[in-house]
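No experiment lies behind these values; they were computed from the predicted model shown.
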There are 2 protein chains.
Amino acid sequence: MSDEPRQPTIYDVARAAGVAPSTVSRTFSRPGRVNADTAARVRAAADELGYRANAIARALHSGKTQLLAIAVADVTNPFFFDVIRGAETAASEEGYTMLVADVQESPVSERRALDRILPLVDGLILATSRLSDSAIRVAAKQRPTVVLNRVMSDVASVATDNSGGTRHAVEHLASLGHRQITYLAGPEASWADGMRWRALREACHRLEITVRRTPPSAPTREEGRRVAARFLENPTTAVIAYNDLLAIGFGQELTERGIDIPGAVSVVGFDDIFGADFCNPPLTTVASPLRALGAHAVRTLLRQVTTHTPRLPPPAKLPMKLVVRGSTTTAPARPTDPVLPPAAPRP
Amino acid sequence: MSDEPRQPTIYDVARAAGVAPSTVSRTFSRPGRVNADTAARVRAAADELGYRANAIARALHSGKTQLLAIAVADVTNPFFFDVIRGAETAASEEGYTMLVADVQESPVSERRALDRILPLVDGLILATSRLSDSAIRVAAKQRPTVVLNRVMSDVASVATDNSGGTRHAVEHLASLGHRQITYLAGPEASWADGMRWRALREACHRLEITVRRTPPSAPTREEGRRVAARFLENPTTAVIAYNDLLAIGFGQELTERGIDIPGAVSVVGFDDIFGADFCNPPLTTVASPLRALGAHAVRTLLRQVTTHTPRLPPPAKLPMKLVVRGSTTTAPARPTDPVLPPAAPRP
DNA sequence: TTGAAAGCGCTAACAA
DNA sequence: TTGTTAGCGCTTTCAA
């Protein structure tokens with residue numbers, strides 16, 4: 001259960017095998033550059049002693065650890081499950097080990113975590129960083145970095161095609177006869193939120209649909225419920241939420257209040273997270289290619305890591321796909337509330 | 001976006017500040033043991049050069065990184081969300097940073113991941129390891145280690161009180177008039193599965209309830225659906241699943257086949273994962289204290305890390321709590337199938 | 001093919 | 001309070 005009895009080093013192995021430490025090193029780091037018999041002897045001695053190469057000492061010299069890290073703002077957010085999974089798999093295929101760091105909410109703890117982790121890894125993926133662009137640049141200067149769902153001019157990035165996805169959602173609702181949409185806004189600082197709202201306004205304008213949005217809110221189920229209460233003071237027949245968590249909470253609240261989804265209100269989410277297919281009713285949502293997002297980020301990162309290219313790859317934009325489930329249907333004949341205030345600009 | 005222009009070291013800072021490298025080291029690693037003015041000069045120089053201490057070099061010497069790791073078999077399993085969260089928080093409170101490693105399924109990749117990570121961390125939490133007891137012992141010899149939901153004689157462990165939890169579930173069903181229970185078994189190698197099944201048999205015996213179990217299955221929703229199909233060939237009025245994922249899949253399949261839950265079949269899960277409260281119907285489940293599990297593991301670990309105690313703390317057993325939701329109700333008057341084969345021992 | 005020896009960046013005696 | 005000097009465990013010239 002504890003450590004204490006000091007791990008054997010190459011020196012111990014060397015002594016046991018009757019060779020020089022450098023030979024032991026070679027045996028493990030570049031087999032082939034050592035006589036087969038010698039190597040066998042060394043390996044035998046190593047096994048005997050229970051020797052395991054100390055990756056950290058090796059890294060000190062080479063600067064390479066074969067470790068990659070992905071920093072997320074909240075491991076508890078199911079959005080990341082498959083992103084991490086995708087990153088994981090892609091990294092593993094290339095012989096890298098992926099570390100996940102939950103950098104909590106605050107930029108302070110994010111900084112601290114990054115300070116500790118950066119020197120240990122060969123590359124970094126920043127998913128939903130709370131850091132400012134300039135702080136990210138500092139990190140990116142230390143290690144190859146890729147940001148997820150955020151586009152920066154001088155750091156490689158991988159994002160989803162929010163405009164396309166939003167358009168799909170609006171067209172779907174339009175085809176069901178909805179003429180009014182409420183957008184349940186996400187966090188103020190979210191890049192994706194801005195993208196989605198902009199695309200939404202454009203698409204609605206084009207299709208002559210009235211649209212407005214709620215004040216910014218954290219992307220959680222609890223917030224979804226809270227927003228629902230306010231929504232009811234002035235409802236529309238259709239709702240698009242910043243993400244599935246918000247949509248699910250919103251739906252729960254409405255259902256509990258006896259309001260039928262999708263009969264009275266159609267709801268569309270974003271991302272298609274775990275749970276979107278088995279909530280009640282199953283959620284129509286604009287699916288993010290979560291695994292692909294993670295995998296693509298890793299590949300982009302590894303390209304920087306292996307080739308020492310200072311050239312910035314163009315920002316990747318992965319397509320989103322509308323998944324129609326049970327939370328959307330044709331607009332009710334008599335809208336709950338035909339009179340809508342115009343979309344007001346947010347302060 | 002890349003690294004290249006070599007990071008400045010204490011030597012660079014020392015030269016710039018006109019002091020010795022060790023002074024630079026001290027200003028950062030043990031402030032107070034250096035003159036305020038000197039320290040200020042050093043810091044200024046460091047800022048100027050953009051110096052950041054290289055944690056890995058520091059670790060090589062001190063052996064301490066302030067890093068902890070938790071290895072999980074599958075980040076994608078919502079069971080871990082809150083466990084990780086709890087561990088995260090507890091670690092952070094003590095000034096440690098928590099790393100999460102997804103060790104995929106195979107013991108091989110788990111080994112590889114651990115080899116790379118162990119030298120970097122001050123302690124390790126093994127949640128759902130696929131490793132053999134002896135392999136775990138090897139790791140535990142390298143670094144303080146705590147295993148989660150698995151009890152070993154010579155490695156510290158934190159688990160849930162599966163017996164108690166199972167008993168609650170059975171008593172709940174018994175009080176609703178159920179006389180027959182099917183247990184949807186989990187993975188064959190799962191320690192928790194064994195515990196739950198054993199407790200289940202005992203509790204049922206005591207309450208004179210007939211019980212049987214399905215063949216082992218992976219704890220996924222897909223498997224839950226598959227098991228449901230077989231269950232219907234020979235149903236009971238109540239079902240207890242190895243975990244919520246299995247229970248949710250099971251419920252989905254039954255619902256789609258037009259079988260009413262809980263009207264025809266009552267379903268109880270384990271763990272109370274994300275989603276258990278918003279699936280349809282909301283799932284009655286034996287809740288694991290997920291966050292507490294993670295937090296407790298960290299505290300146990302840190303005790304080993306800080307005091308170099310070779311003494312093994314007794315295995316912790318955290319209580320489970322039955323959360324009654326919509327998936328259980330009184331047994332139907334005429335059981336779907338009154339004749340049950342006796343619980344057969346598994347091969 | 002193997003060994004000797006010089007670091008990688010930092011910390012920690014030990015002196016001054 | 002500060003500087004000098006060994007290392008931590010490993011890799012890597014450079015010779016042999």
Notebook entry, point to check: Hey, does the side chain of B:T27 reach the backbone of B:V24 with a donor-acceptor pair shorter than 3.5 angstrom?
Noted result: yes

Note to self: Once you apply a heavy-atom cut-off of 4.0 Å, does B:S22 come out as touching a base, just sugar-phosphate, or nothing?
What the structure shows: base

Note to self: Tell me the interatomic distance from A:D115, atom CG, to C:dG9, atom C1', rounded to whole angstroms.
What the structure shows: 16 Å

Notebook entry, point to check: Picking from C:dG9, D:dC10, D:dG3, which would you name as closest to the side chain of B:A20?
Noted result: D:dG3

Note to self: From CZ of A:R58 over to P of D:dC10, roughly how many Å is that when rounded to an integer?
What the structure shows: 8 Å

Note to self: Could you walk me through whether B:L293 and B:V158 satisfy the side-chain contact (heavy atoms from CB on, under 4.5 Å) test, starting with their C-alpha distance in whole Å, then the side-chain angles of each, then the deciding distance to 0.1 Å, before giving a yes or no?
What the structure shows: CA-CA 7 Å; B:L293 221 41; B:V158 177; 3.9 Å; yes

Next item on the list: Using a heavy-atom cut-off of under 4.0 Å over every strand shown, decide if A:Y51 touches base, sugar-phosphate, or nothing.
Entry: sugar-phosphate

Next item on the list: Please work out if B:S25 contacts a base, only the sugar-phosphate, or nothing of the nucleic acid, heavy-atom cut-off 4.0 Å.
Entry: base

Item checked: Spacing of A:N35 atom CG relative to C:dG3 atom P, expressed in whole Å -> 11 Å

Next item on the list: Classify the side chain of A:R52 and the base of D:dG9 as holding, or not holding, a donor-acceptor pair under 3.5 Å.
Entry: no

Note to self: Once you apply a heavy-atom cut-off of 4.0 Å, does A:A53 come out as touching a base, just sugar-phosphate, or nothing?
What the structure shows: sugar-phosphate

Note to self: Can a donor-acceptor pair be found, under 3.5 Å and without considering hydrogens, that links the side chain of A:D47 to the backbone of A:A44?
What the structure shows: no

Margin query: Does B:S29 reach a base, just sugar-phosphate, or nothing at all? Heavy atoms under 4.0 Å.
Written below: sugar-phosphate

Next item on the list: Whole angstrom is fine here: how far is it from CD1 in B:I10 over to P in D:dT5?
Entry: 15 Å

Notebook entry, point to check: Checking all strands, does B:V19 fall into the base, sugar-phosphate, or nothing category for heavy-atom contacts under 4.0 angstrom?
Noted result: sugar-phosphate

Checklist line | Distance (rounded to the nearest 0.5 Å) between B:L301 CG and B:M98 CE | finding: 7.5 Å

Notebook entry, point to check: Considering heavy-atom distances to DNA chain D, does B:A57 or B:R33 have its closest nucleotide positioned more toward the 5' end?
Noted result: B:R33

Check: OP1 or OP2 of C:dT2 sitting under 4.0 Å from any side-chain N/O of A:T38?
Finding: yes

Check: B:T23 side chain N/O closer than 4.0 Å to the phosphate oxygens (OP1, OP2) of D:dT2?
Finding: no

Next item on the list: Give the rounded distance in Å between these two atoms: OH of B:Y11 and C1' of C:dG9.
Entry: 7 Å

Checklist line | Value in whole Å for how far the P atom of C:dT11 lies from CD of B:Q66 | finding: 12 Å

Next item on the list: Grab the CZ-P distance between A:R26 and C:dG3 for me, whole Å please.
Entry: 8 Å

Next item on the list: Could you state the atom-to-atom distance from NE2 of B:H61 to C1' of D:dG9 in whole Å?
Entry: 12 Å

Check: Would you say the side-chain atoms of B:T89 pair up with the backbone N or O of B:R85, donor to acceptor, closer than 3.5 Å?
Finding: yes

Notebook entry, point to check: Closest to the A:L60 side chain: D:dG9, D:dT1, C:dA13?
Noted result: D:dG9

